[in-house]
Amino acid sequence: MGTHQSNRFDIAIVGAGFAGMYALKQALDSGRSAIVFERGDDVGGTWYWNRYPGARCDVQSMEYSYSFDKQLQQDWQWTERFAAQPEILRYAQHVADRFHLRDHIRFNTVVASADYQDTKNEWRIKTGAGDEVFAKTCIMATGCLSSTNRPAFDGIDVFEGEQYHTGLWPHQPVDFSGKRVGIIGTGSSAIQSIPIIAESAAHLTVFQRTANYSIPAHNGPIDEAYAADIRSNYDDFRERNKQMFAGFGADQARSDLSVFEVSDEEREARFEVKWQEGGLGFTSTFGDLGRSQPANQIAAEFVRDKIRATVNDPQVAELLCPDQVIGCKRVCVDTNYYKTYNKDNVTLINVRDTPIERLTKTGLIVDDTAFDFDMIIFATGFDAMTGSLLKIDVTGREGVKLADKWAAGPTTYLGLGVHGFPNLFMVSGPGSPSVLSNMIVTIEQHVDFIFTCLDFLRSSGFTTIEAEAEAEAAWVAQCNSIAGETLFPTCNSWYLGANVPGKPRIFMPFVGGFPLYQSICEEVRTANYKGFHLAS
Ligand SMILES: Cc1cc2nc3c(=O)[nH]c(=O)nc-3n(C[C@H](O)[C@H](O)[C@H](O)COP(=O)(O)OP(=O)(O)OC[C@H]3O[C@@H](n4cnc5c(N)ncnc54)[C@H](O)[C@@H]3O)c2cc1C
């Protein structure tokens, strides 16, 4: 730890992923004392925990990086079009070293509770070890995908083989060679890791509840000329990306045309171009894929045909064909995913109608059939958006618990503040673009908003800021109404909390796009934080 001797700080930050690190940098640059608490023993958050084979970013490297420091973005050289986890972790570590952030971060420290002291207008943060610090402002940079979801199968603890969760992957390499491996789940982490595990496992059995759409990454070494071109005018590239719906993809063609405005041949040709381009841009091939079910089904059928053309066994191919709206669950990006099912050592088991019954000492049981494994991998995702926040016992003004306030689902103002919780900010909270965006872009926007706001409070003599109840209710209504005009809420996704039994179903991210969201935040700022109650 650094030189700060007292246990009182201007700002306490929970989490040392990209959000917590940038918040710390801003705090220090603005002359505030700050402390960060981090459960892990290093920075990086997502990229510290998710070390499973094949873990990789779905947003291109030149876009998935901080923009706050011009020299940093000139100096850092990415090696691949889509960076892999080790490289992104090295980047986070480099940023921590370069800006001397580690001195202010308490690693291996879980925050257990945060409670607002009404009489003193400050937050008391308690760690799992019982230490306390006090801070005027608390920033929750706890991450949207940082609380792993481990399903409550019967017998989960009786399995005697090796067991891993993709989101809590060990730091030492895991050896699959010669082993019978079972993997549960077919979301993004599974889709990235299955082709690699299948290369060395004796046999890999994949248990699929819901088939997901995956688009090839066409990953490879970064195109140096392209990277140099971006670096020659990085600010312009960043600005153009901020005008994009999800904060990335400015250099990729997108169309506002309807699927129905072009001939069958042109439609196929356009889908094919986006398929060959690879990555998440596929869903921007036409402008109506996110709003019109018939348009969406045409895109979905294009992907299903690709699956059928890739997978040799027609029955396996059909099982791998998703039937939900494309995009209402997170679209995945892969390298050789569908092709892997042509290998003799890979089996797909459908657990949609006959779920996994229980785990046993030697494996698991589905539909009265026993499967024996040396290793089981849980690729079962996260208690998204609210999981990590609600693991902290957060108590606001007059003893109100965040867990009680959110019992029927999260409510926030702009995904940044909550009524009843003064001087508490969330980065990428529910009600903000968060997981539907290039998250580094939206993290920087949130952190900048928070610090501009803190500067305003300081210069205007205010000591507290709190979302107004009416503003919060109106924001929740606005978020729901925008989501209702899209196809997003049509399937059981983690965006809705549907992957965690008992979790209230609320569409959590803001779906109006980053440009709209940013302009709303700007309006709020220029109207002296309209919708927030400020007090001295
Ligand atoms: C496998 C995977 C792939 C992804 N790919 C992309 C992508 O392609 N593009 C994209 O934009 N986003 C992607 N994301 C989302 C990714 O989470 C964000 O891009 C970004 O890294 C989030 O940063 P963060 O700092 O907000 O949260 P995190 O990186 O999750 O960091 C939060 C930190 O808070 C810590 N923490 C939480 N609770 C406590 C507590 N009580 N006490 C102490 N510490 C605590 C956690 O340990 C964690 O280190 C991906 C996520 C995953 C899991």
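Keep in mind that the numbers below use all heavy atoms, side chains included, and drop hydrogens, waters and symmetry copies. One-based numbering, in listed order, for ligands and for the atoms of each.
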Worksheet item: Nearest protein heavy atom to atom 42 (N) of ligand 1, by residue and atom, and its distance?
Response: V111 N, 2.8 Å
Fill in: atom 44 (N) of ligand 1 - nearest protein heavy atom and its distance
R39 N, 3.1 Å
Discussion item. Out of the candidates L280, V303, D58, only one should pair with V331 under the side chain to side chain contact (heavy atoms under 4.5 Å, CB included) rule; please name it.
Written reply: L280
Going by the order shown, which atoms of ligand 1 are within less than 4.0 Å of some heavy atom of [X]?
{"X": "R330", "value": "5 (N), 6 (C)"}
{"X": "L145", "value": "51 (C)"}
{"X": "V59", "value": "8 (O), 9 (N)"}

Heavy atom of [X], distance to ligand 1 below 4.0 Å:
{"X": "E38", "answer": "yes"}
{"X": "T127", "answer": "no"}
{"X": "A141", "answer": "yes"}

For residues 424-435, please give each side-chain donor-acceptor pair under 3.5 Å, one per line with the distance, not counting sequence neighbours.
from : atom 1 : to   : atom 2 : distance (Å)
S432 : OG     : G429 : O      : 2.7
S434 : OG     : S432 : O      : 2.9

Worksheet item: Which one of W47, Y52, F37 has a non-hydrogen atom at the shortest distance from atom 14 (N) of ligand 1?
Response: W47
Worksheet item: Nearest to atom 29 (O) of ligand 1 by heavy atom, V36, T46, N50: which?
Response: T46
Discussion item. By the salt bridge (charged side-chain N to carboxylate O under 4.0 Å, His left out) test, which pairs, at least two apart or in different chains, include something from residues 78-90?
Written reply: R56-E80
Judging by distance only, is a nitrogen or oxygen of [X] under 3.5 angstrom from one on ligand 1?
{"X": "A16", "value": "no"}
{"X": "Y64", "value": "yes"}
{"X": "V110", "value": "no"}
{"X": "D58", "value": "yes"}

Discussion item. Classify the ring geometry of F68 against F99: parallel below 30°, tilted from 30° to 60°, perpendicular beyond 60°.
Written reply: tilted
Worksheet item: Step by step, would you call Y164 with Y52 a side-chain contact (heavy atoms from CB on, under 4.5 Å)?
Response: CA-CA 9 Å; Y164 305 103; Y52 60 84; over 6 Å; no
Discussion item. Using the ring centroid of each side chain, check whether F134 and W123 are separated by less than 6.0 Å.
Written reply: no
